[in-house]
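For the single chain, residues carry numbers from 1 onward in sequence order. Atoms within each ligand, like the ligands themselves, are counted from 1 in listed order.
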Amino acid sequence: MATDQNKFQAIISHCKEYGFVFQSSEIYDGLSAVYDYGQNGAQLKKNIRDYWWKSMTQMHDNIVGIDAAIFMHPTTWKASGHVDGFSDPMIDNKDSKKRYRVDHLIEAHAETLDAAAGEELIAKMNALLAADDLAGLKALIEAYKIKCAVSGTVNWTDVRQFNLMFSTQLGSVTDEASEIYLRPETAQGIFVNFLNVQKTGRMKIPFGIAQIGKAFRNEIVARQFIFRMREFEQMEMQFFVRPGTQKEWFQYWKEERMKWHLSLGADPAKYKFHEHEKLAFYADAAEDIEFEFPIGFKEVEGIHSRTDHDLGRHQEFSKKKMQYFDTEINQNYIPYVIETSIGLDRMFLLTVCNAYEEEDLTKDGKEDSRVVMRFPAKLAPTKLAIFPLTKKDGLPEIAKELMDICKPHFHTFYEEKDAIGKRYRRQDAIGTPFCVTIDHQTKEDNTVTIRYRDSMEQERIPLDKVKELVLNKINE
Ligand code: ATP
């Protein structure tokens, strides 16, 4: 059985081998920290996205969804603080020319020390980061004689802030062109549309605006597969509340979001909240939902109480009033905001890590094993595989008829090649929860064998009950 690091590597290989995730532009040796989703991955990602969208918008009467553009007026990013503040301290090694995120460089070194010394180093680093002491960080790297992994030298530049936003030029005429950014988060598209949505939707506080879309960050150390990417997707929701009620709403959304995660069936012990040690100056409260990946507990989602900071800043920079008139208390105010922000790709990685299992099936001394992806039925890329036992005797015709009945309702797969056992294993590897085999008995009594992915149990059920059974399971 794989150890945790090995398990993570095994999951990455599995994702490639079974059409979930490929390195971007692989034929050109790939583009670092950019990934493509294959035939099974794209479907799984869509199912996660749809599940989030439905639980946020359809299941909450007071939340609506929007789809804002990736490009936004450049002043947006001035107002949001990203132009001046969205940066990480970096250091370059003068010999290898390799650039490192200072925290990652120091953390990697801390891992090579014994536990107490490692903790001491991390504590020193955290204090310097909190104080924005760049010279102090460089002195720390020098004091510990931290080497560049490539050149093996300690020949470092000064520590500098490096902005994580990608920029490009807008307009075809160079003179008129102005620098714009690829959005580093989707949230600002919601803030700048606050008044549009509130007025046209006649929304009453408390209400939320949800959005799913791409975000871009020039992450310097992009490691750990799709955990940290340069192009990724976020699912964010800003919930606008009356000032003074934000603590209750923060609590509400913390619980609500944890319930959402647990509704997908993972062991609750694999989840925990992590309170931010250092709050942004405008924030009231901030906690992350962390999940135990094979590489340890890591953030999947952030829940933040952002006060009236963002709307206030947009009011200041745009000179447009971002106020709401609350008829219940006869008062105008800038609403406070609770934000829930989850990475779709990170949720995908969570789903894949949680589902992956190498199962030992050795029985009576006969060695056997399988890799099974135990996706919740509602997220599985393919819900049902239909197999005629043989390619003849009219069995494929019956199978295709069943396919036509099921196809409009959920994703169905048909296959007539290879032995049934092999076909089952291929479906286990992509997480298909149900397989149905059409055999000669089907012709006599209209029953089929249904085989359950998780238990591998098989039973005979009427052919005309297949669609209903699968639908019930995916809607559970
Ligand atoms: P981290 O500390 O991991 O860099 P963050 O605190 O900067 O994340 P937020 O800005 O709060 O993250 O973004 C919200 C969510 O977006 C994160 O919880 C994560 O799921 C996702 N996310 C952020 N950056 C990336 C990335 N580079 N690749 C994939 N997902 C990301």
Side-chain angles (χ1 to χ4, degrees), residues 15 21 23-24 31-37 41 45 48-49 52 56 77 80-82 85-90 101-104 107 125-126 129-130 162-166 181-191 210-238 250 253-254 257-258 260-261 271-280 282-283 285-293 295-306 309-310 337-353:
C15 279
V21 182
Q23 178 78 56
S24 157
L31 188 62
S32 153
V34 186
Y35 292 90
D36 298 338
Y37 288 86
K45 191 176 172 199
I48 299 172
R49 188 194 286 121
W52 184 89
M56 278 298 179
W77 305 111
S80 69
H82 283 82
F86 192 54
S87 51
D88 282 331
M90 306 282 178
R101 237 175 87 168
V102 166
D103 56 338
H104 289 168
E107 274 164 15
M125 174 187 82
N126 284 338
L129 284 171
F162 184 90
N163 197 293
L164 298 181
M165 282 196 294
F166 286 100
Y181 300 100
L182 299 187
R183 66 180 175 199
E185 62 174 29
T186 55
Q188 299 305 323
I190 293 178
F191 288 123
Q211 174 170 221
I212 302 176
K214 291 269 186 171
F216 303 82
R217 295 182 187 180
N218 198 2
E219 303 276 7
I220 281 302
V221 183
R223 301 179 291 190
Q224 295 160 336
F225 193 40
I226 57 171
F227 185 80
R228 190 174 302 285
M229 304 154 91
R230 296 202 165 105
E231 173 181 341
F232 58 101
E233 217 164 316
Q234 285 186 315
M235 307 193 283
E236 296 198 294
M237 194 278 300
Q238 316 294 133
F250 180 74
W253 279 110
K254 254 183 71 177
R257 291 305 303 147
M258 189 56 104
W260 183 86
H261 283 278
Y271 278 102
K272 68 177 185 197
F273 284 108
H274 171 87
E275 210 172 319
H276 286 204
E277 286 91 25
K278 189 187 162 220
L279 287 180
Y282 51 81
E287 291 196 33
D288 296 332
I289 294 180
E290 293 189 343
F291 179 79
E292 192 176 18
F293 290 90
I295 47 176
F297 269 101
K298 303 263 177 208
E299 169 182 344
V300 237
E301 171 156 8
I303 297 142
H304 311 124
S305 175
R306 301 180 61 95
H309 173 74
D310 303 86
V337 169
I338 308 298
E339 161 182 273
T340 71
S341 173
I342 174 169
L344 174 53
D345 311 86
R346 230 173 251 189
M347 189 59 208
F348 179 101
L349 184 60
L350 181 161
T351 307
V352 163
C353 290

Between Arg346 and Glu299 (side chain of the first, backbone of the second, donor and acceptor by atom type, cut-off under 3.5 Å), is there such a pair?
yes
Counting only nitrogen or oxygen atoms and a 3.5 angstrom limit, does Arg346 reach ligand 1?
yes
Please report which non-hydrogen protein atom sits nearest to atom 4 (O) of ligand 1, along with the residue it belongs to and the distance in Å to one decimal place.
Arg228 NH1, 2.7 Å
N or O pair under 3.5 Å between Met229 and ligand 1:
yes
Any idea which protein heavy atom is nearest atom 10 (O) of ligand 1, and the distance to it?
Arg217 NH2, 2.9 Å
Do the ring planes of Tyr282 and His309 sit parallel (below 30°), tilted (30 to 60°) or perpendicular (above 60°)?
parallel
Polar side-chain atom of Arg183 near backbone of Ala215 as donor-acceptor pair, under 3.5 Å:
no
Please determine whether any non-hydrogen atom of Asp345 lies less than 4.0 Å from an atom of ligand 1.
no
On the 0 to 90° scale, with breaks at 30° and 60°, tag the Phe291-Phe293 ring pair as parallel, tilted or perpendicular.
perpendicular
Could you find the nearest protein heavy atom to atom 17 (C) of ligand 1 and give me its residue, atom name and distance?
Glu299 OE2, 3.3 Å
Closest to atom 29 (C) of ligand 1 among protein heavy atoms sits Phe227 O, 3.4 Å
Flag, side chain of Glu301 to backbone of Ile289, donor-acceptor distance under 3.5 Å:
no
How far is atom 14 (C) of ligand 1 from its nearest protein heavy atom, and which residue and atom is that?
Ser341 OG, 2.9 Å
Is the distance between the ring centroids of Tyr35 and Tyr37 under 6.0 Å?
no
Could you say whether the N/O atoms of Val300 and ligand 1 ever approach to under 3.5 Å?
yes
Looking only at protein heavy atoms, which one is nearest to atom 30 (N) of ligand 1, and what is the separation?
Phe232 CD1, 3.5 Å
For Pro184, is there any backbone N or O sitting under 3.5 Å from a side-chain donor or acceptor partner on Arg217?
yes
What is the closest protein heavy atom to atom 16 (O) of ligand 1, and at what distance does it sit?
Gln234 NE2, 3.3 Å
Between Asn163 (side chain) and Asn218 (backbone), is there a donor-acceptor pair under 3.5 Å?
no
So which protein heavy atom does atom 21 (C) of ligand 1 come closest to, and at what separation?
Gly343 CA, 3.6 Å
